[in-house]
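It should be emphasised that the depicted structure is a prediction, and the values quoted were computed from it without experimental measurement. Naming convention: chains lettered A, B, ... in sequence-line order (proteins, then strands); numbering from 1 in each chain.
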2 protein chains.
Amino acid sequence: MSGESRGSQLLPVLAQLVRFLRQLEGPDNPSSVALAVLRRLSEEGPARVTDLARMTRASQPGMTQLVGRMEKSALVRRVPDPTDGRGVLVEVTEEGRAVVIRTLAHYATTLDHLFDELEPADRDAIVQALPALERLAQAGQKERAG
Amino acid sequence: MSGESRGSQLLPVLAQLVRFLRQLEGPDNPSSVALAVLRRLSEEGPARVTDLARMTRASQPGMTQLVGRMEKSALVRRVPDPTDGRGVLVEVTEEGRAVVIRTLAHYATTLDHLFDELEPADRDAIVQALPALERLAQAGQKERAG
DNA sequence: TATTGTTATACTCTATAACTATA
DNA sequence: TATAGTTATAGAGTATAACAATA
């Protein structure tokens, strides 16, 4: 062990992973925020703009704009909130659901393919580390939330 | 083991990691592409716009524009290429070097801090998986390059 | 003619400030 | 007055097409 910190060791690997995943996102697929919103709407039903903004840590105007773009692409639809005249409920459309399914399948397939190219020992090491990586990412989210 | 593919298992974890690292980047820090360019220039000296574009998989006009923004922020400087009248050499400034050092230190510190909050077993699992994750990311890059 | 770099243009994504409508 | 949402505006980041200068 050198004097190098753990963070320094982790940094280049994570940077490369991020660059790779960013490419995976590509210009045709929905952005990570758009995908997170569509998943949320698909899995838990309609939501307010403010709630979507909070969930994704976006600003309220930013979410208004994203919802606007997604509405233009027919991925979501705005309906008035019956319980609050100021509010708007954002609903996923059938096309929006299809995009979620298609996108996640595409990512999973790509990752599977890459996984298959690795040595079995590497595959095992990554699978072993998945829960730990998840907790690392969660700790990172909490950091900001606090 | 369920019938779920490895890619599907990996997906949510990587997605969360990416979201966390994107927040880490923040609006004040240089973008990942800008940081990659500044590192390249710091470590290996001046480079052509075309080479920087190829290295980061950006378009040539995109790199011209990024260099323009970085020049406006005094992070780099353009000098004519003495060996080719068409070319331009991009050089990092002292301020650019300082930004690289400061940014990497910030990332490393943040990751160290998060690492310290993990259980030792989790830390070990991640360290064990680092070379495998690096190869996974490299495989992903190659995929695109081919 | 091919290469290097830029300009023109357009779109996504994001933010802050100012505004409107409802509570 | 506080909250929900939008509009106005600005800037980063990215791309393609058209162009200028040099090789």
So, does B:T64 get its side chain near the phosphate of C:dG5, meaning an N or O under 4.0 Å from OP1 or OP2? no
For B:E43, does the CD atom have more than 12 heavy-atom neighbours from other residues, nucleotides or ligands under 6.0 Å away? yes
Taking everything shown except A:R39 itself, do over 12 heavy atoms lie less than 6.0 Å from its CZ? no
Side chain A:Q65 and base C:dA15 donor-acceptor under 3.5 Å: yes
How close or far is atom [atom2] of [N] from atom [atom1] of [X], stated in whole angstroms?
X     : N      : atom1 : atom2 : answer
B:D81 : D:dA21 : CG    : C1'   : 14 Å
B:R48 : C:dT6  : CZ    : C1'   : 14 Å
A:L66 : C:dA15 : CG    : P     : 11 Å
A:M63 : C:dT12 : CE    : P     : 16 Å
B:K72 : D:dA10 : NZ    : P     : 13 Å
B:R69 : C:dT7  : CZ    : C1'   : 15 Å
B:E71 : D:dA12 : CD    : C1'   : 17 Å
B:L75 : D:dA12 : CG    : C1'   : 14 Å

Would you mind telling me which of [options] lies closest to the side-chain atoms of [X]?
X     : options               : answer
B:R86 : C:dA15, C:dG5, C:dA2  : C:dA2
B:D84 : C:dT4, C:dG5, D:dG5   : C:dT4
B:Q60 : D:dG13, D:dT22, C:dT6 : C:dT6
A:V33 : C:dT14, C:dA17, D:dT3 : C:dT14

With heavy atoms under 4.0 Å as the rule, sort A:G85 into base, sugar-phosphate or nothing. sugar-phosphate
Using a 4.0 Å heavy-atom cut-off across all strands, classify A:G87 as base, sugar-phosphate, or nothing. sugar-phosphate
Comparing nearest nucleotides in DNA chain C, the 5'-proximal residue of the pair B:R78, A:S31 is B:R78
Would you compute the distance between atom OG1 of B:T110 and atom CZ of B:F115 and round it to the nearest 0.5 angstrom? 13.5 Å
Check A:D51 with A:R54, please: is the shortest side-chain N to carboxylate O separation under 4.0 Å? yes
Contact check, side chains of B:P30 and B:T103, non-hydrogen atoms, under 4.5 Å: yes
